[in-house]
Enquirer: 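I am attaching a structure below and will ask some questions about it afterwards.
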Amino acid sequence: MALYSEKVMDHFRNPRNVGTLDDADGVGEVGNARCGDIMKIYIKVKDGIIADVKFNTFGCGSAIASSSMATEMIKGKPITEALELTNKAVVEALEGLPAHKLHCSVLAEQAIRAAIKDYYDRNGIAYDKDMFPDFDEDDHGEGEE
């Protein structure tokens, strides 16, 4: 049995939405000190919809595949729907990750949430702080698992 699904390998070999958005409306960066993975997600929002999304990830194949899949899953979606994206949904869309790589999908979820929180903060959009439990008030999207 292969360690990684074909979907994981495809998103690792051919990642979607790689890059930066110089005019991003929100940027979220998270990292995991234990494994060294760092993810940065950029979002462009138009009329409450994520019109564009890019990512830069420094990390293993699972981290890159998780970032790629997560960006595909939120592109074109309302912000409220993107906020509901879970690491479990990313893992399912990738057709699984090895147990010791599940933290990569968690980072993808956190990076998206951090970018949305940054968008809200930049635009003075009120939100319930419970929506972003991984980030305190002084944290500008640079959370850690």
Enquirer: State yes or no: do Ile64 and Ile38 share one hydrophobic cluster built from I, L, V, M, F, W and Y residues joined by side-chain heavy-atom distances below 4.5 Å, directly or via other members?
Expert: no

Enquirer: Between Ala114 and Val30, what is the shortest heavy-atom contact and its length?
Expert: CB-CG1, 4.4 Å

Enquirer: Please determine whether residues Ile79 and Ile125 belong to a single hydrophobic cluster, defined as Ile, Leu, Val, Met, Phe, Trp and Tyr linked transitively by side-chain heavy-atom distances below 4.5 Å.
Expert: yes

Enquirer: Provide the full list of side chain to side chain donor-acceptor pair (under 3.5 Å) pairs with a residue in residues 48-63, sequence neighbours left out, each pair given once.
Expert: Thr57-Ser67

Enquirer: Measure from the side-chain N and O atoms of Asp37 to the backbone N and O of Gly31, and report whether any donor-acceptor pair falls under 3.5 Å.
Expert: no

Enquirer: Of the non-hydrogen atoms in Ile41 and Ala111, which two are nearest, and what is the gap between them?
Expert: CG1-CB, 3.3 Å

Enquirer: Is any side-chain heavy atom of Val90 closer than 4.5 Å to a side-chain heavy atom of Glu109?
Expert: no

Enquirer: List the steps and the verdict of side chain to side chain contact (heavy atoms under 4.5 Å, CB included) for Asp25 and Tyr42.
Expert: CA-CA 8 Å; Asp25 295 317; Tyr42 305 81; over 6 Å; no

Enquirer: Nearest 0.5 Å please: distance from the CG atom of Leu3 over to the NZ atom of Lys101.
Expert: 8.5 Å

Enquirer: Can you see which heavy atom on Gly36 is nearest to which on Phe58, and at what distance?
Expert: O-CD2, 3.6 Å

Enquirer: Between CE of Met73 and OG1 of Thr86, what distance do you get to the nearest 0.5 Å?
Expert: 7.5 Å

Enquirer: Would you name the heavy atoms of Cys35 and His103 that are closest together and state the gap between them?
Expert: SG-NE2, 3.3 Å

Enquirer: Mind listing the side-chain donor-acceptor pairs of residues 11-22 below 3.5 Å, one per line with the distance, residues two or more places apart or on another chain?
Expert:
residue	atom	partner	partner atom	Å
His11	ND1	Ser68	OG	2.7
Asn14	ND2	Asp10	OD1	3.0
Arg16	NH1	Asp10	O	3.4
Arg16	NH1	Asp10	OD2	3.3
Arg16	NH1	Asn14	O	2.8
Arg16	NH2	Asp10	OD2	2.6
Asn17	OD1	Lys75	NZ	3.2
Asn17	ND2	Thr71	OG1	2.9
Asn17	ND2	Glu72	OE2	2.9

Enquirer: State, to 0.1 Å, how close Met69 and Ala93 come at their nearest heavy-atom pair, and which atoms those are.
Expert: CE-O, 3.4 Å

Enquirer: Side-chain contact, heavy-atom cut-off 4.5 Å: Leu107 with Ser66?
Expert: no

Enquirer: Would you give the length of the straight line joining atom CE of Met39 to atom CG of Asn32, rounded to the nearest 0.5 angstrom?
Expert: 9.5 Å

Enquirer: Could you grab the distance from atom OG of Ser105 to atom CG of Leu97, nearest 0.5 Å is fine?
Expert: 6.0 Å

Enquirer: Can you see which heavy atom on Val8 is nearest to which on Gly96, and at what distance?
Expert: CG2-O, 3.4 Å

Enquirer: Are Ile43 and Val45 side-chain neighbours, meaning at least one heavy-atom pair lies under 4.5 Å?
Expert: yes

Enquirer: Under 3.5 Å, side chain of Lys77 to main-chain N/O of Ile49, donor-acceptor pair present?
Expert: no

Enquirer: Is Lys129 close enough and on-axis enough to Tyr127, meaning under 6.0 Å and within 45°, for cation-pi?
Expert: yes

Enquirer: Just how far is it from atom CG of Leu102 to atom NZ of Lys88, taken to the nearest 0.5 Å?
Expert: 10.0 Å

Enquirer: Strictly distance-based, threshold 3.5 Å: is any side-chain N or O of Asn123 a donor or acceptor partner for the main-chain N or O of Tyr119?
Expert: yes

Enquirer: Quick one: side chain to side chain contact (heavy atoms under 4.5 Å, CB included) partners of Glu92, sequence neighbours excluded?
Expert: none

